[in-house]
Amino acid sequence: NFFNTLTTNSIKFSPENGTISANNSMPITVSFNANHVGQFNETFAFSIDGFDTYKPQIIITGKVLGPSFKIEKHNIDFGIVSFGFLYTESFEIINESQIPFDFNLHFANDGSYECREFNVIPSSCTIPKFGSQKVDIEFIPIRIQDYNVKLILDAPEFDDVLFTMPITAKCIVPEITIQESEIDLG
């Protein structure tokens, strides 16, 4: 049996226990699932039934890397837009890590817009190591107003927001002037 009272990551052994006959060995698979970023150094002791004074140990060390990414734009400005028309802007997320990067994109819900006005494609994705992902922001304004919305990038493994991108626009209705207010059809 293995035990470790100070474990901060999920390290599992398979099998967790067993019997080994004299002059034999048993392969043990160690699986690791990181739940925090940083270095770790954890000691596990084996317990041997009937032999309480001898507990062989194994030390498992490593470093868990967090995401390293770059976003080519730091803000999106749709500029002046017309009521009810579709506008699309794009940007790219580049994974600069040796590991895949899982992310989620969503808009801060602050009441300054309606959810149906903005769409992000994809809203979640896994970028392979050293890969990239194109992201499209679709916008159909349904209010005559200035827009100041925040797009949030976070990751399932992290509690904090990793990046916030401001998105701005000004929606207007064009002025219409009628040159001839009367039409004489005879």
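From a predicted model like this one, the values you see are computed outputs, not experimental measurements.
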In one Ile/Leu/Val/Met/Phe/Trp/Tyr side-chain cluster, 4.5 Å: Phe91, Leu153: yes
Decide side chain to side chain contact (heavy atoms under 4.5 Å, CB included) for Phe130 and Gln98; before the verdict, give the C-alpha distance in whole Å, the side-chain angles of both, and the deciding distance to 0.1 Å. CA-CA 7 Å; Phe130 303 115; Gln98 300 174 25; 3.8 Å; yes
Side chain to side chain contact (heavy atoms under 4.5 Å, CB included) evaluation trace for Cys171 with Tyr147: CA-CA 8 Å; Cys171 180; Tyr147 286 85; 3.9 Å; yes
Evaluation steps, side-chain hydrogen bond (donor to acceptor under 3.5 Å, both in side chains), between Asn41 and Thr61: CA-CA 4 Å; Asn41 181 336; Thr61 61; over 6 Å; no
Main-chain N/O of Ile48 paired to Tyr54 side chain as donor or acceptor, under 3.5 Å: no
If every non-hydrogen atom of Asn104 is compared with every non-hydrogen atom of Pro156, which pair is closest and at what distance? ND2-CD, 4.0 Å
Donor-acceptor pair, Glu117 side chain versus Ile142 backbone, under 3.5 Å? yes
In the structure I gave you, are the side-chain heavy atoms of Phe78 and Lys170 within less than 4.5 Å of one another anywhere? no
According to a hydrophobic-cluster definition based on side-chain heavy atoms being under 4.5 Å apart (Ile, Leu, Val, Met, Phe, Trp, Tyr only), do Val149 and Phe163 belong together? yes
Which atom names give the shortest non-hydrogen contact between Ile152 and Ala108, and what distance separates them? CD1-CB, 3.8 Å
Would you compute the distance between atom NZ of Lys134 and atom SG of Cys125 and round it to the nearest 0.5 angstrom? 13.5 Å
Below 4.5 Å, heavy atoms only, C-beta onward: do Lys129 and Ile99 meet side chain to side chain? no
I need the Asn109 CG to Lys150 NZ distance, nearest 0.5 Å. 13.5 Å
Quick one: does Phe40's side chain get under 4.5 Å of Ile60's, heavy atoms only? yes
In terms of side-chain heavy atoms, does Asn148 have a donor or acceptor partner in Thr168 at a distance below 3.5 Å? no
If you measure from OG on Ser14 to CD1 on Ile28, what distance do you get to the nearest 0.5 Å? 9.0 Å
Scanning both residues in full, the closest heavy-atom pair of Pro27 with Pro15 reads O-CD, 3.8 Å
Is any side-chain heavy atom of Ile167 closer than 4.5 Å to a side-chain heavy atom of Phe139? no
Please check if any side-chain donor atom of Asp136 sits under 3.5 Å from a side-chain acceptor atom of Thr88, or the reverse. no
Could you state the interatomic distance from NZ (Lys70) to CD1 (Ile94), rounded to the nearest 0.5 Å? 4.5 Å
Between Phe103 and Ile127, is there a side-chain heavy-atom distance shorter than 4.5 Å? yes
How long is the span from the CE atom in Met26 to the CD1 atom in Ile20, to the nearest 0.5 Å? 4.5 Å
I'd like to check Thr126 versus Phe101 (side-chain heavy atoms, cut-off strictly below 4.5 Å). Are they in contact? no
Nearest 0.5 angstrom please: Leu151 CG to Ser123 OG, how far? 10.5 Å
Do Phe118 and Phe85 belong together in a cluster built from hydrophobic side chains that touch within less than 4.5 Å? yes
Does the side chain to side chain contact (heavy atoms under 4.5 Å, CB included) test come out yes or no for Ile76 and Met165, once each step is laid out? CA-CA 7 Å; Ile76 291 178; Met165 177 183 289; 3.7 Å; yes
Do the side chains of Lys12 and Val30 get nearer than 4.5 Å, heavy atoms only? no
Contact between Ile11 and Glu42 at the side-chain level, heavy atoms closer than 4.5 Å - yes or no? yes
Side-chain donor or acceptor of Ser68 paired with backbone N/O of Ser97 under 3.5 Å: no
For the pair Phe107 and Val120, evaluate side chain to side chain contact (heavy atoms under 4.5 Å, CB included) and give the outcome as yes or no after the intermediate values. CA-CA 9 Å; Phe107 295 96; Val120 58; 4.1 Å; yes
Judged by atom type as modelled, is there a donor-acceptor pair below 3.5 Å linking the side chain of Glu96 to the main-chain atoms of Gly131? no
Between Phe32 and Ile58, is there shared hydrophobic-cluster membership here, with clusters defined by ILVMFWY side-chain heavy atoms closer than 4.5 Å? yes
What are the two closest non-hydrogen atoms of Leu105 and Val135, and how far apart are they? CD1-CG1, 3.6 Å
Looking at every non-hydrogen atom in both residues, tell me the closest pair between Asn95 and Pro128 and how far apart they are. ND2-O, 3.2 Å
Kindly say whether the aromatic ring centers of Phe13 and Phe44 come within a distance under 6.0 Å. yes
Lys73/Glu92 salt bridge by N-O under 4.0 Å criterion: no
Restricting to non-hydrogen atoms, name the atom on Pro141 and the atom on Val81 that form the minimum distance, rounded to 0.1 Å. CG-CG2, 3.7 Å
